[in-house]
Every structure is written in structure tokens, then in C-alpha cells.
Amino acid sequence: MELQEAKARIDALQRKEIAYNHAMGLLSYDGATGAPAGTAANRGETLAVLSEASYGIATGPEMIETVETLLRHADELDEVTRRIAEVKNKDLTELRKIPVEDYVAYTKLINEADAVWHKAKENNDYASFAPYIARIVEFHKKIAALVSPEKDPYDYWLDRFEEGLTREKCEVFFAALRREIVPLVKKVTASPQVDDSLNHIPFPIPEQEKLSDELMALMGIDRDHCTISTTEHPFTTEFSKYDVRITTHYHETSFLSSLFSVVHEGGHALYELNVADELAYTCLGRGVSMGVHESQSRFFENIIGRSEAFAALLFPILERLFPEQMKGRTPHGLYLAANKSEPSLIRTEADELTYSLHIMVRFEIEKRLFAGEVTAADLPALWNALYKEYLGVDVPDARRGVLQDSHWSGGMFGYFPSYALGSAYGAEILARMEREFDVFAAVEHNEIAKINDWLREHIWKFGSLYKPGELMEKVFGAPFDPAYYTNYLKKKYASIYGFEA
Ligand SMILES: [Zn+2]
């Protein structure tokens, strides 16, 4: 195959893959939102056929020959095509090293594990789920050994979610966080609690829906290419940069819950919607990693959304939509209610300050499981001990402890650290942006477009062209430094809770 032909073919192959992903993604999205309850089996049949065809394209002889041809001419390729060849080659190498029987057995195991986990959580019965943790970890070690025998197995899985991330890097990062955050949480806990009564009175859901539309407008989300619906757990899915969907969940007596879900998912959506057009219909045409994605969503949710400036911007809108509820309230009161911090049991409900501690518990456990230092049976006791040590809380049962997240039953070991990493990236992004303009003045004056322009130029437009660590270093102009994050937290919580930073 000649180089010119390979270039045309890789383009055509990716368009096909993306068309399949579009169809499969839309089916899954429909399953999670509008589809009637009895349609899951039928959808499963269709998805099986489509995913087999898609797998055939991804691993077929045409893809192999095309990628090999491109790599032979790597020196002659432009930056985009070279990175496409690299990414495709990495995928191919991994897929070809895992025997099809293992692939099928693993998919079956995960399916089963998910059902067992749901039941185990409902019945507060960790023992029934423990054998699945053991089997999934064994499988993960086996896959890591097949694909990257030279690598530490946990490093292999970390890298799958955040290319370039290792256990060692995580350890340095989390140690820096723990050193600063644990004493800070103690100071907050010892201070008088802020008033968040606003978040416990009824806010009618039809008006909350109108608020979602207003929030998306404030954030500059293009509604011709992004829609919102409701699901049990909020999420973002994208079929391409031209079609992004977000969801939220409304709670009548906790209006901040949906408000911040919309802002969070809106951050994910903005990233996807603003990838450069040239990268659309290629494997680079989407956000680069979980960590960078969370840096965008958590930047909007916490750094922007939970700022005093955003409270000021939002307040008149809330007064208009909820005149009764907002009577006698102030923007500053809204800001305080949005930033109540208290050590708790459930990660997904944790506030901005204590969130990373929940992640550290999971990282410690995953690390020790993969190193063989603990077994599945040890997890509840270890979980409870770590929650006591990091957050100072007593875990009453497995349902609110080790069984709370769906990640492990879904085989997503190595995924959690990217949430904390994303939060920390966000704080350094803010510092970098503040060197160029007054970020919070822009928020208060309803000029979030300025922030979007900056993020588009420095992050969004690049899609997956650079590795996540590389992209962040380009943005920062220096190696990533978690001190930006801990300093940001110290300053913010000292001011809210009234102690010396
Ligand atoms: Zn997210």
C-alpha cells in the first residue's frame, strides 16, 4: 500500500468506526433516557451485531495494513496523521494481544459482576460480591501481563484511563494533597457550620427545568448541538463534536444538586463541542482523557460555579424563577450554601474540599489489591479504616461503604485517580488564565465567553492530538504542580469558614 492510499483509507476507516459508535451511542443513550422498560433485550441484540462489526473494522486486515503503512512513513506525516497512526497502533497492539476467548470471558464476567453488585448493594451483602472483585482483579492482572508484560499491572490500567499516569506519580500527587487537605478539613470541622437551609426547601421541578436552560445559556452551550434530559445519575455522552447530550436529576428539596450537575456536565459538553472541525470524524476528535475531561467539568462546577461571582450572576435569575424561595436571601448566602463542607460517607455527594479524600481511599485500596498486599475479603475493614483515618467518619455498613460505587463491578480499576487529578488541573488552569484576565470579573459580568475562548484556544480545540500530561504542560508552561490546587482550597475555605489560611 502506498502512503497516499493509506491516508485516504485511514480517513474512510475512521468515518466507518465513528458511524458505528454514533449508532451504538445513540441506542445506549436512548436506553438510559426515553426507551420503554421492556426494550433492553432487543437493544442488546442490535448492540451485539453493531459492536461485532465495529470490532471487525478496528482489528481487520485493512486497518492493520493501513496503520503499518502509515507508521513506515511516520517521518513524512503531518502532526495529526502521525498521532492518529500512533493511537490506532496502540489500540491494535492491545487488541491483538488479548485472545478473543479472554475478551469474551471478560465481557461475561463484567456483565455478571454488575448484576451481583446491584443486588449486593441493595442487600448490604459484601460477601456475595467479594469473589467478583477477586476475579476481576485477577483478570486485569492477566490482561496487563499479556499486553504490557514489562509494566506494573496497576500502571497499565492507570495509563488506560490517563495516558502516562503511573502509581508513582499518583503517590506523589496524593501525598501532596493529603498533607494540606487533612489539616484543612480539621479546621473546617472545628469552625461554625455555614447556613445551607436554602438547599433544603422545595424548589418546584418545572422551574428547575427552566433554570437548566438558563444555566446552559449562561455557559454559552450551543443548544443546536446539545440537548438535556433527565436520568437517575447525570452524565454526558457525545456522538461527535456535532451532537452532545447531557443529563441531570432533579430533587425538589435540593435544587443545588441539579444546578451543579448541569454546570458540571455542561463543562464536559463544552469541551466536546469545541474540538477543532479538522479533527471531527477521526479518533482525535474528542476530549483526550478522563483527567482532562474532569478538569473541565470540575472547573466549571466548582471553581466557576461555586464562586462568589457566579452566585452574584445567578442570583437575579433565581429571584425571577423562584421569588418565594429567594425572599430575604442574598447572593452571599447562596455562595455559602453552595460551599458547605463536611466529611461524609458518599463520594458522589462530597463537597469540593473533601472530595479528593474519597478518591485517595479508593486509590490506596486498588494499589494494595494489585500489589497482592490485600485480598478482596479484606476490603470492608480496610475501607472503613481509611475513611476513619482520612475523613474521620465511621462507616455504618457496606452499602454506604465499600459497595457504594459501580466502578469496580464495571472493571474500572485505575479510573478514580483521574477525578482528583482533574480537580487539581482545574486550579492550575485558573492560575494560568488569571495571568491574562480577571476571570471572576468576567463571570460576574456575564462574560463567560471570555473563559470559553481561552479554554478553546488552549485545550478544547486540540481534542486528543496531544497526550494528556503533554497537553497540560503546554497549558501550564511548566510541569503540573498540585500546590495550585491546595493553595486554592486553603484560600477559599479559610475565607468561607473564617480562619487563618
Ligand atoms: Zn464528570
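Order of listing sets the numbers, starting from 1, for every ligand and every atom in it.
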| field | Atom of H264 closest to the Zn ion (ligand 1), considering N, O or S atoms | value |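 Nearest N/O/S atom: NE2.
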| query | What's the atom name of the N, O or S in E294 nearest to the Zn ion (ligand 1)? | reply | OE2
| request: List for me each residue that meets ring-ring contact (aromatic ring centres under 6.0 Å, His included) alongside Y390, sequence neighbours excluded, and say none if there are none. | output: none
| query | Any donor-acceptor pair under 3.5 Å linking the side chain of N339 with the backbone of Y493? | reply |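 It does not hold such a pair.
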| Is it true that atom CZ of F437 has more than 12 heavy atoms of other residues, nucleotides or ligands lying nearer than 6.0 Å? |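 More than 12 heavy atoms, drawn from other residues, nucleotides or ligands, come within 6.0 Å of this atom.
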| message | So that I can tick it off, tell me whether E86 and K90 are bridged by a salt bridge, with the cut-off set at under 4.0 angstrom between side-chain N and carboxylate O. | response | no
| said: the Zn ion (ligand 1) and H268: any N/O/S contact shorter than 2.8 Å? | reply: yes
